[in-house]
Structures are given as structure tokens and as C-alpha cells.
Amino acid sequence: MSIPRRTLLGVLGGAALALPILGAAVSWAGRGIDTRGKVPFDRPLHVPPLAPSRVDAQGRRVFDLTIAAGRTEFTPGKPSTTWGVNGAHLGPTLRAARGEKVRINVGNALDEATSLHWHGMHLPPSMDGGPHQMIGPGTTWSPSWTVHQQAATLWYHPHPHGRTAQHVYRGVAGMFLIDDDAAPPELPHVYGIDDIPLIVQDRRLPGGVLDPDEPMAGTTGFLGDRILVNGTLGPYVDVRTERIRLRLLNGSNARVFHFHFADRRSFELIATDGGLLPAPHTTDRVQLAPGERAEIVVVLTPGERVVLRSSDPDTGAGFVQRDGGADRFDVLQLRAADTLAPSARLPARLAEVPRIPAHTADAQRVFELAEHTINGRRMSANRIDLTVRKDTTEIWEVHTGDGTLHSFHVHDVQFQVLTVDGSPPPEHLAGWKDTVLLPPGTSMRLIMRFADYADPNSPYMYHCHMLYHEDQGMMGQFMVLEPGQRPHPPATDHAGHH
Ligand code: C2O
Ligand code: CU
Ligand code: CU
């Protein structure tokens, strides 16, 4: 038995902590970018189409995706070279039901290798689309698995080690919605009508054109000064129902959003990364780090226009307004029709979210994120950083060690937040999560159960979802193993630049 029942991986000593270099994103004056009241909202929001699918002879729902370069006009008459899935920019929304088998054919029509990762999905590591499932140019990768999780807003994006920031920046991303009969029917659920996906991303568009290469920026990576929602610049959306459900995804490389409405109205937070909350949580703001999702339901009155904004994210930056902490953006305008179709009231209970008791944990581990490393080590494709025994529960304590903002993400599992700086989590962290924001000085204890899918040949990743940090090596690999299995690290580093 090679796995100690209780493992405490201490912070590795000897990792010299250099002072974080204050990069171009620093704004000493604390003024930041401010687009409030300056966005014309003159373009209808693009809603990504639902991906067509068919059911094959083995009963699997099959999707065909192709990643390719194309041209996109973010501003009329100014084409940018972009990448997309089944189109020039972003990709269609995949949709599958709990219990369904899916098979996804992912063709790569780019001239470089990439991968496609199903962020938030519980699935075998060989189907995960991480850096060990590279798709060479001109080839197709066809993962298949059974959906074993509750209703949720998941997403997909490339994961080639060292190139993730660039590939996402160019436009490869989309949503993956899981449906579940257990979800309350009162929730708005007509896609594109009262249930709207919002992929929010910051970009720079000098002269109206997206830079072909992700520009370098500050300590957390690229920060843009324009907001795209589903690829639309300055979008509005027509609303025809009293209640509208917005599925928010922070698809940015490094920017933290702190969403609220311009009039500070309250709304219901109904779901986080991995599914519905136990009950709607009434709030007037929701903060999302790169990779995180939230579903909200907002009530509109006939004829009104209200703007979704982002301001004052908690970047832990104090009076030195770096990492975008001082930036304020107008994001999306909601335009309510003069008559709104009635919507059902939200139920008082949304889902069962059984708490995983801390005392059931079989192991505890500590992760320090600092200086592009986790516990002092940078990602190495042929090193397995830790192994987990299948059907066990672990507590992962994560904290930052370098005064910089991080966004911690674990593949395969949905976890629960046990504590934030030693206190019970706030209500918006009461549900299933796969990514959490870690402002400097914050420490979180996360509890997760590793069920299914032991594989001694294929690791899962855990990493910072600030894509620049991830590419720099703030990532590790874990394997889920049956008792007695030994890890076989991938022999070759096929994950680097091709
Ligand atoms: Cu959203 Cu390892 O990724
Ligand atoms: Cu992921
Ligand atoms: Cu980071």
C-alpha cells in the first residue's frame, strides 16, 4: 500500500519567494478602466447555437465539433483572425442529460496541436481533454463517457500545456449544459429565450481588431479593456418574460468580474460551478474568477432597460489597484418588452446538496500557490504529483504564498468549501464548486470525493485558472488509483509546444 491513509503534504521548503513583479496592469493612481455609461449597447447579443447531435447504434449522443481558424468582425468592416468551434469564434452549446452516454468527435483543422477539455465534468481521465489528450492538426479525437452528475453549467476550452492562454484568447470556448429531471421545472429553461448563456471575456481590440497574439500583461496575465459577451461587443438582449435566467461564465484569461446591476437591484443566485444551490440565495452581486460559473434569475418590469455591470472585484490588492481591481465595466443591457410573459416563482428548495462531513476525510493535503508553482514545483508532464485512492474523500487546503491573485481548479470532481480563512463559507459558496478565487492571504479548505475512474496510466490536472499562471507551470497532476495500483507516469512530454 503505497498511499498513506493520512498524508499531509507540507509546504515545500526552500522555494525562494521573490517579490512579485508589478507589471503593466498596475495602476498606482487607483483609477482603472471605467466604461460605465460609455458602451452604446447597439448590437444584439449573439446566443451560441445548440450543437446538433444524433444518437448512434450504441445509444450514445454524438456531437461533431471542428476547431478551426476563421474571420470575425467584432466591429463592422474590421475582420480579425479568430479561432472557433464549428464557426469562426467560440463554439456551440453542448447539451446532454444526466445518465446519457455521449461521444464527441473533435476535429482539429488548425495548423497546430490543441486539446479540448470539459471543465467541470466528472469523467475518466483519458477523456478529460487535458494536456495528455492532444489533437494533432488534421486529426480527430473522440472521447466518450456517461454523464453522472446533476444539472449544471459546464464549459469547454483547449488545454495544451504552455499554450492554453493563447488558444482560449483566440476564441476556442463554449458551454456544456447538463440537464437533470430532478431540477425544479419552475426554473426558466427555454434556451435563448428565458435561459441565456453569457460567456464574458475581456479583450483588447486596437483599431477594432483582435491582436493575433495574446498581449502580455501584469502579474496575473492578460487584462483587456473591452468586454465581449458571447463574442458580441456592446450587446443588448431582448427579454420577453418576467424572469430571466442568466448563466454567467467568466471565460477571461485573468480578469475577475464582480457582477451587479447598475441600479443595484437584487436577484437570486441559483447555481454555482457544479450545480444548483440548496436554495435560491438573494443577493445583489456575484463575483467570478476565470473559469467560475454562476446562474442567476432576475425579475424585470415591462419596458425597462437595465445594465449588467462589473466593478470593484476583490483582488485583495488594497490601495495598490493592480490585477484589475479598480476596473469598472458595462457588460450587457437587458431590454424588457412592453408586455412580459408570466414566469413561475422560484421554488424555496432547488436541490439536495448533502454536505460532506469533514471527519469523513481519509487524507488532507496542503497546496501553496506561489511564483508560478504549486508547493514549489512547476508542472512536469511526466511527473505524477500525487495519487488518490478511489472511493476516498480528501480535504485540500489551498492558499496563496506570493501576494498574487489565483483561481484554483481541480479536474474530475466537484468539491465543497469547508472553510474560508477558518470560518464557514458564505452562502454563495454553499454549493458544488470546481474553481475558487484565492485572493492574496486567503486560505480555503475544500472537501472532495474521488469516485469512479481509477486509471494508472492517465492523470487529471489541478491548477491555477489564471491562464498565464497555468501556462507558466502552476499546475500539478494527480491519479486516482485502485488499492495496489501504481502510477505509470506518461513517458514522453508530448504536452509542450509542438
Ligand atoms: Cu478550465 Cu484545467 O481547466
Ligand atoms: Cu477543468
Ligand atoms: Cu495563479
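All ligand and atom numbering here is 1-based and tracks the order in the structure.
Distances from atom 2 (Cu) of ligand 1 show that H463 has an N/O/S atom below 2.8 Å. Metal site remark for atom 1 (Cu) of ligand 1: H465 contributes an N, O or S atom at a distance under 2.8 Å. For atom 1 (Cu) of ligand 1, the set of nearby N, O or S atoms under 2.8 Å includes one belonging to H157. In summary, no N, O or S atom of H159 is located under 2.8 Å from atom 1 (Cu) of ligand 1.
Of all protein N/O/S atoms, those lying under 2.8 Å from the Cu ion (ligand 2) come to 2.
A centroid separation of less than 6.0 Å is found between the aromatic rings of H119 and H409. H372 and Y468 have their aromatic ring centers within a separation under 6.0 angstrom.
The pair R163-D471 does not count as a salt bridge, with every side-chain nitrogen at least 4.0 angstrom from each carboxylate oxygen. R203 and D211 are not joined by a salt bridge, as no carboxylate oxygen comes within less than 4.0 angstrom of a charged side-chain nitrogen. Between R95 and D179 there is a salt bridge, with a side-chain nitrogen of the basic residue lying less than 4.0 Å from a carboxylate oxygen of the acidic one.
Residues passing the side chain to side chain contact (heavy atoms under 4.5 Å, CB included) test with V85 are L65, I67, P92, Y156, V172, sequence neighbours excluded.
Side-chain contact check for R247 and T153: at least one donor-acceptor pair (N or O, by modelled atom type) lies under 3.5 Å.
Closest N/O/S atom of H411 to atom 2 (Cu) of ligand 1: NE2. When atom 1 (Cu) of ligand 1 is compared with the N/O/S atoms of H119, atom ND1 turns out nearest.
Between W83 and H167, the angle of the ring planes goes over 60°, which puts this pair in the perpendicular group of the 30/60° scheme.
The side-chain contact (heavy atoms from CB on, under 4.5 Å) with V410 is formed by just one residue from the set Y460, F478, F367; it is F478.
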